[in-house]
Amino acid sequence: MTHDAANSGESPTAIGKPQCRLVVESARYSSKVVRDLRYDGDLTLEIQGSGFAYARVVFRRPLGFRVMDEGDLTEYWNTYSEPNGWLWEVSGGGWLELERRRPSFWRGQDGALREYLVVDETCVNVLCWEPPEIIDLGTDPTAHVR
């Protein structure tokens, strides 16, 4: 027998409001667009900043990731979105907290597991043990175009 809180009149236990910290290395790109996402054991996002500033954001051996339209993640809006930043470490109230509610998510008990959020029109949440690597590929993203 299953229990469906949505149809029983009960309210599901709420997840707290998201709490995030800006990944400082991402601040050199004041704005960006995700151009490509690739998974081959590592998760790689190709981003384009202003002008000819490009970067590769690599999450090594992630446990998992999800891609969702920003409209389904409105709890992050305004505080955790551009122009305030685009790459955040989620310390509470995010996807990892939601997944940890599942009894079969045994790796979720690992205190070293972290969650990151890449903000774009289509957002990416990543569960991994190490911070992402940001590799600059184009012009200096902090150089001003004149």
Side-chain angles (χ1 to χ4, degrees), residues 1-50 53-142:
M1 180 173 180
T2 61
H3 180 72
D4 184 0
N7 293 322
S8 70
E10 298 175 21
S11 60
T13 306
I15 298 267
K17 189 173 183 175
Q19 300 156 14
C20 305
R21 290 182 294 274
L22 182 66
V23 175
V24 176
E25 296 82 4
S26 70
R28 62 184 184 262
Y29 290 86
S30 59
S31 66
K32 58 82 208 84
V33 175
V34 175
R35 295 292 183 200
D36 188 42
L37 180 147
R38 202 169 48 257
Y39 176 74
D40 60 1
D42 292 336
L43 178 65
T44 304
L45 287 79
E46 304 284 343
I47 65 164
Q48 179 181 357
S50 301
Y54 294 90
R56 182 172 292 139
V57 182
V58 182
F59 295 90
R60 304 279 180 206
R61 312 300 290 164
L63 175 61
F65 63 94
R66 72 175 185 180
V67 178
M68 294 186 74
D69 185 276
E70 67 179 343
D72 293 312
L73 296 169
T74 57
E75 63 270 24
Y76 293 94
W77 282 17
N78 296 345
T79 304
Y80 306 117
S81 58
E82 289 183 20
N84 299 327
W86 58 270
L87 179 56
W88 302 89
E89 182 173 1
V90 181
S91 57
W95 181 41
L96 178 57
E97 188 174 318
L98 183 65
E99 287 296 321
R100 282 184 168 150
R101 293 173 172 221
R102 295 187 308 109
S104 61
F105 186 51
W106 58 272
R107 285 196 277 186
Q109 303 315 310
D110 183 343
L113 188 59
R114 301 158 108 169
E115 176 183 356
Y116 291 91
L117 171 66
V118 177
V119 176
D120 204 52
E121 287 181 15
T122 304
C123 300
V124 182
N125 292 84
V126 184
L127 304 181
C128 55
W129 287 273
E130 299 294 328
E133 181 181 0
I134 301 174
I135 305 163
D136 294 322
L137 302 172
T139 61
D140 180 351
T142 61

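Heavy atoms only: backbone and side chains are in, while hydrogens, waters and symmetry mates are out. Just so you know, these numbers come straight off a predicted model, no measurement behind them.
With rounding to the nearest 0.5 Å, the separation of CZ in R107 from CH2 in W129 is 4.5 Å. Annotation: the span from L87 atom CG to L22 atom CG amounts to 7.5 Å, rounded to 0.5 Å. Atom CZ of residue R56 and atom CG of residue D42 lie 11.5 Å apart, to the nearest 0.5 angstrom. Between the CZ atom in R114 and the OG atom in S91 there is a gap of 11.0 Å [rounded to 0.5 Å]. With values rounded to the nearest 0.5 angstrom, R101 atom CZ is found 12.0 Å from L96 atom CG. Taking CG of L73 as the start and CH2 of W95 as the end, the distance is 11.5 Å to the nearest 0.5 Å.
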Begin from the C-alpha positions of L43 and Y116 and carry the test side chain to side chain contact (heavy atoms under 4.5 Å, CB included) through to its verdict.
-> CA-CA 12 Å; L43 178 65; Y116 291 91; over 6 Å; no
Test salt bridge (Lys or Arg N to Asp or Glu O under 4.0 Å) on R21 and E89 and set out the steps.
-> CA-CA 5 Å; R21 290 182 294 274; E89 182 173 1; 3.6 Å; yes
Passes side chain to side chain contact (heavy atoms under 4.5 Å, CB included), E133 versus E25? Steps please.
-> CA-CA 9 Å; E133 181 181 0; E25 296 82 4; over 6 Å; no
What's the verdict on salt bridge (Lys or Arg N to Asp or Glu O under 4.0 Å) for D36 and R38, showing C-alpha distance, side-chain angles and the deciding distance?
-> CA-CA 7 Å; D36 188 42; R38 202 169 48 257; 2.9 Å; yes
Is there a side chain to side chain contact (heavy atoms under 4.5 Å, CB included) between Y76 and C20 once you walk through the steps?
-> CA-CA 9 Å; Y76 293 94; C20 305; 4.0 Å; yes
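More than 12 non-hydrogen atoms from other residues, nucleotides or ligands lie less than 6.0 angstrom from CD of E70. For R61, the CZ atom counts as loosely surrounded, since its 6.0 Å shell holds 12 or fewer non-hydrogen atoms of other residues, nucleotides or ligands.
Between W88 and P18 there is no side-chain heavy-atom pair separated by less than 4.5 Å. Between V90 and E97 the shortest side-chain heavy-atom distance does not fall below 4.5 Å. Side-chain atoms of S50 and S31, non-hydrogen and from C-beta on, do get closer than 4.5 Å to each other. You'll find the side chain of I135 reaches within 4.5 Å of the side chain of V58, heavy atoms only.
Nearest heavy atoms, E99 versus F105: O-CD2, 3.4 Å. In this structure, L113 and G108 approach most closely via the heavy-atom pair CD2-CA, 4.2 Å. Nearest heavy-atom pair, C128 versus P62, reported as atom, atom and distance to 0.1 Å: CB-CA, 4.0 Å. The shortest non-hydrogen separation linking V119 to C123 is CA-SG, 4.1 Å.
Looking only at distances, no side-chain donor or acceptor of D136 sits under 3.5 Å from a matching main-chain atom of A53. A distance-only check finds a donor-acceptor pair linking the side chain of Y29 to the backbone of Y54 [under 3.5 Å]. In this structure, the side chain of R66 does not engage the main chain of N125 through any donor-acceptor pair within 3.5 Å.
Aromatic ring centroids of F65 and Y39 lie under 6.0 Å apart.
Checked options D120, I134, V118; the residue passing with L45 is V118 (criterion: side chain to side chain contact (heavy atoms under 4.5 Å, CB included)).
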